[in-house]
Amino acid sequence: MDRNPSPPCSDAEEEEGDAVGNTVYSKHWLFSVLTRLIEVIAPAEPDPAASPEGARTELDEEMENDICKVWDMSMDEDVALFLQEFNAPDIFMGVFAKSKCPRLTEICVGILGNMACFQDICMSISKDENLGQVLLQRLCDSDSPTLLETSRLLLTCLSQPEVANVWVERIRENPSVYDCVCFIMSSSTNVELLVKVGEVVDKLFDLDEELMLNWIKSGTCRSVGPSVDDSPEELPDFKIVPCILEAAKQVRSDNPEGLDVYMHILQLLTTVDEGIQAIVQAPDGGKDTWSLLYDLVCQELCQPDDPPIIVQEQKTVLASILSVLSAMFASQTEQEYTRMRKNMPLIGSLIRILQYMEGCGKRAADNSKESEQEETGRTDVNEEDFHLKILKDICCELLSNMLQELTKENTLEGLHQGHLNEQTCSCAFQNLLPLYFASVESFLEVLREADQTLADNLEKRFPSLKVHT
């Protein structure tokens, strides 16, 4: 059976006034499905398909087919309003309280998710405290499809400014949400679910710094988490950073957008001192975080065999990654993983990113000359330029800090490995000067000890450096 069968043909033409709003869907048919749904969760007579506890664990095929049609139909605003008027959210509350059927719970949450796409309904759902608490409890469900629909619903509500604060406050006051989200991020292998949960966390952190700080500091007490049989289950003391890293590792190869989301979450953590400390003061001293981000930059993103335009596609994820690396490098230069002898490939990658951006800049300039009289698309171009500028600024800051730490031995190794040569050094100087003059000057002194000829050639290309030597 299809997950969401097509909506039914309506009998509205046979009975005048039966159509839902301006649709061709039948009110009578919707009434009948919702009435049958009530009977499923509160049967008048014992149901032979029920579990020993008295609740059905599976839907019959006809009921599943019909309720899935309602799920599809609920994407229409007229249908969503009709369901709201018929108190469908209250019916779904009964489903969540009594149903032992995961598929039914998933569908009902999914219908609410569609209904919440419309502002007035979203406000009504969000202001219902009982419904809000019950929906948050669904994050402790053991059923992945239900978790996915619950996350989608929460993201929809958090994305509506009129009600976002209601949900932020509700989540802040409900510690179990942190436990359940961390449990999902640290243990799920469902990439679609991990991406959606990541989007929820990203939105929460972006909306409310206090909540982010609370989650950074959480994990100091035992928690009750999801269990297959709904009985309490003790969970480990979750820390937010390892959970984010585990989820990022799961999505990195299958979902670039998901990787972007988790890298942005890490970047948000580094906007507060507590977040940076949570990363670098982890039991491994931040090594796991550094290793993952280092590997992404040096082995996967913006590689030598990629066309320069790739930097446009990867600019946001690169900016997030380099921002975290920069914060870690600035705060933990004594850690073994930040020693320069291990990070020459990273310097090479930073310079390559700058080279690719120069290539994109030249291409953009050429395109601009060709379309000076065209207005269409200029907003998008400006936005692209803005994001590339952010990436360049972050890249230059990290590169300047790393160049200042190079020794003669490191520099000789970089020259031998091909990460440093006249072309790459010229690119670095071109982008770093004049803002990072001290860093460039410091590196040039070290370079002179390693390769006098190269240093002399660079001084000729950048006369401002020669004046100060």
Side-chain angles (χ1 to χ4, degrees), residues 4 70-97 105-141 143-185 192-212 214-215 226 257-258 261-262 264-265 268:
N4 289 53
V70 176
W71 189 358
D72 271 349
M73 292 163 62
S74 63
M75 290 187 289
D76 185 286
E77 186 171 9
D78 286 332
V79 174
L81 287 169
F82 177 80
L83 292 172
Q84 177 77 2
E85 292 170 5
F86 193 72
N87 294 323
D90 291 339
I91 297 174
F92 299 153
M93 280 271 285
V95 170
F96 303 147
T105 301
E106 172 205 356
I107 295 169
C108 290
V109 177
I111 294 172
L112 279 176
N114 284 350
M115 293 172 64
C117 292
F118 306 105
Q119 183 176 330
D120 290 343
I121 300 176
C122 185
M123 291 180 69
S124 176
I125 291 173
S126 300
K127 291 178 180 179
D128 186 330
E129 186 62 27
N130 290 332
L131 179 57
Q133 292 297 335
V134 168
L135 288 171
L136 291 184
Q137 290 171 13
R138 296 270 62 82
L139 286 173
C140 293
D141 206 295
D143 181 60
S144 290
T146 298
L147 290 170
L148 177 60
E149 292 307 318
T150 303
S151 301
R152 184 173 73 89
L153 170 57
L154 289 177
L155 185 61
T156 299
C157 294
L158 289 168
S159 299
Q160 301 226 18
E162 297 80 10
V163 299
N165 288 339
V166 174
W167 286 98
V168 169
E169 185 65 27
R170 188 173 285 148
I171 291 170
R172 191 191 297 144
E173 294 175 353
N174 195 329
S176 67
V177 173
Y178 169 84
D179 298 315
C180 295
V181 166
C182 283
F183 182 80
I184 294 167
M185 291 193 297
E192 188 179 7
L193 172 59
L194 287 171
V195 172
K196 193 59 64 177
V197 167
E199 289 175 342
V200 171
V201 174
D202 188 41
K203 191 68 176 178
L204 283 171
F205 286 4
D206 197 36
L207 286 170
D208 193 77
E209 185 176 295
E210 181 184 345
L211 183 142
M212 181 172 71
N214 289 342
W215 282 25
E257 293 79 12
V261 168
Y262 279 100
H264 189 253
I265 295 173
L268 287 173

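Along the sequence shown, residues carry numbers from 1.
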For [X] against [Y], the heavy-atom pair lying closest together:
{"X": "Leu153", "Y": "Ala116", "result": "CD1-CB, 3.6 Å"}
{"X": "Ser151", "Y": "Leu139", "result": "OG-CD2, 4.2 Å"}
{"X": "Ile265", "Y": "Gly198", "result": "CD1-O, 3.4 Å"}
{"X": "Asp143", "Y": "Asp141", "result": "N-OD1, 2.9 Å"}

Can you confirm whether [X] sits close enough to [Y] that some side-chain heavy atom of one is under 4.5 Å from a side-chain heavy atom of the other?
{"X": "Leu83", "Y": "Val70", "value": "yes"}
{"X": "Gln84", "Y": "Ser124", "value": "yes"}
{"X": "Val181", "Y": "Val200", "value": "no"}
{"X": "Leu268", "Y": "His264", "value": "yes"}
{"X": "Met212", "Y": "Asp208", "value": "no"}
{"X": "Tyr178", "Y": "Arg172", "value": "no"}
{"X": "Trp167", "Y": "Arg170", "value": "yes"}
{"X": "Leu136", "Y": "Leu154", "value": "yes"}

* Under 30°, 30 to 60°, or over 60°: which ring-plane class applies to Phe96 and Phe92, parallel, tilted or perpendicular? -> tilted

* Less than 2.5 Å separating the SG atoms of Cys122 and Cys157? ->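 Between Cys157 and Cys122 there is no disulfide, given that their SG atoms are not under 2.5 Å apart.
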
Spatial distance of atom [atom1] ([X]) from atom [atom2] ([Y]) [nearest 0.5 Å]:
{"X": "Gln160", "Y": "Asn165", "atom1": "CD", "atom2": "CG", "answer": "13.0 Å"}
{"X": "Leu155", "Y": "Thr150", "atom1": "CG", "atom2": "OG1", "answer": "12.5 Å"}
{"X": "Glu77", "Y": "Met115", "atom1": "CD", "atom2": "CE", "answer": "11.0 Å"}
{"X": "Arg138", "Y": "Cys180", "atom1": "CZ", "atom2": "SG", "answer": "10.5 Å"}
{"X": "Ile111", "Y": "Met75", "atom1": "CD1", "atom2": "CE", "answer": "11.0 Å"}
{"X": "Leu147", "Y": "Thr105", "atom1": "CG", "atom2": "OG1", "answer": "11.0 Å"}

* Evaluate side chain to side chain donor-acceptor pair (under 3.5 Å) for Gln133 paired with Gln137, printing each intermediate quantity in order. => CA-CA 6 Å; Gln133 292 297 335; Gln137 290 171 13; 5.4 Å; no

* To do: Given side-chain contact (heavy atoms from CB on, under 4.5 Å), test Asn114 with Arg152 step by step and report yes or no.
  => CA-CA 9 Å; Asn114 284 350; Arg152 184 173 73 89; 3.2 Å; yes

* Ion pair Asp206/Lys203, N-O distance below 4.0 Å ->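 Lys203 and Asp206: not salt-bridged.
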
* Taking it one step at a time, do Asp202 and Tyr262 satisfy side-chain contact (heavy atoms from CB on, under 4.5 Å)? -> CA-CA 8 Å; Asp202 188 41; Tyr262 279 100; over 6 Å; no

* Can you list the steps and then say if Leu81 with Phe118 is a side-chain contact (heavy atoms from CB on, under 4.5 Å)? -> CA-CA 9 Å; Leu81 287 169; Phe118 306 105; over 6 Å; no

* **Flag if over 12 foreign heavy atoms under 6.0 Å of CD, Glu192** => no

* Do you know which of Leu112, Leu135, Asn87, Val134 makes side-chain contact (heavy atoms from CB on, under 4.5 Å) with Met93? -> Val134

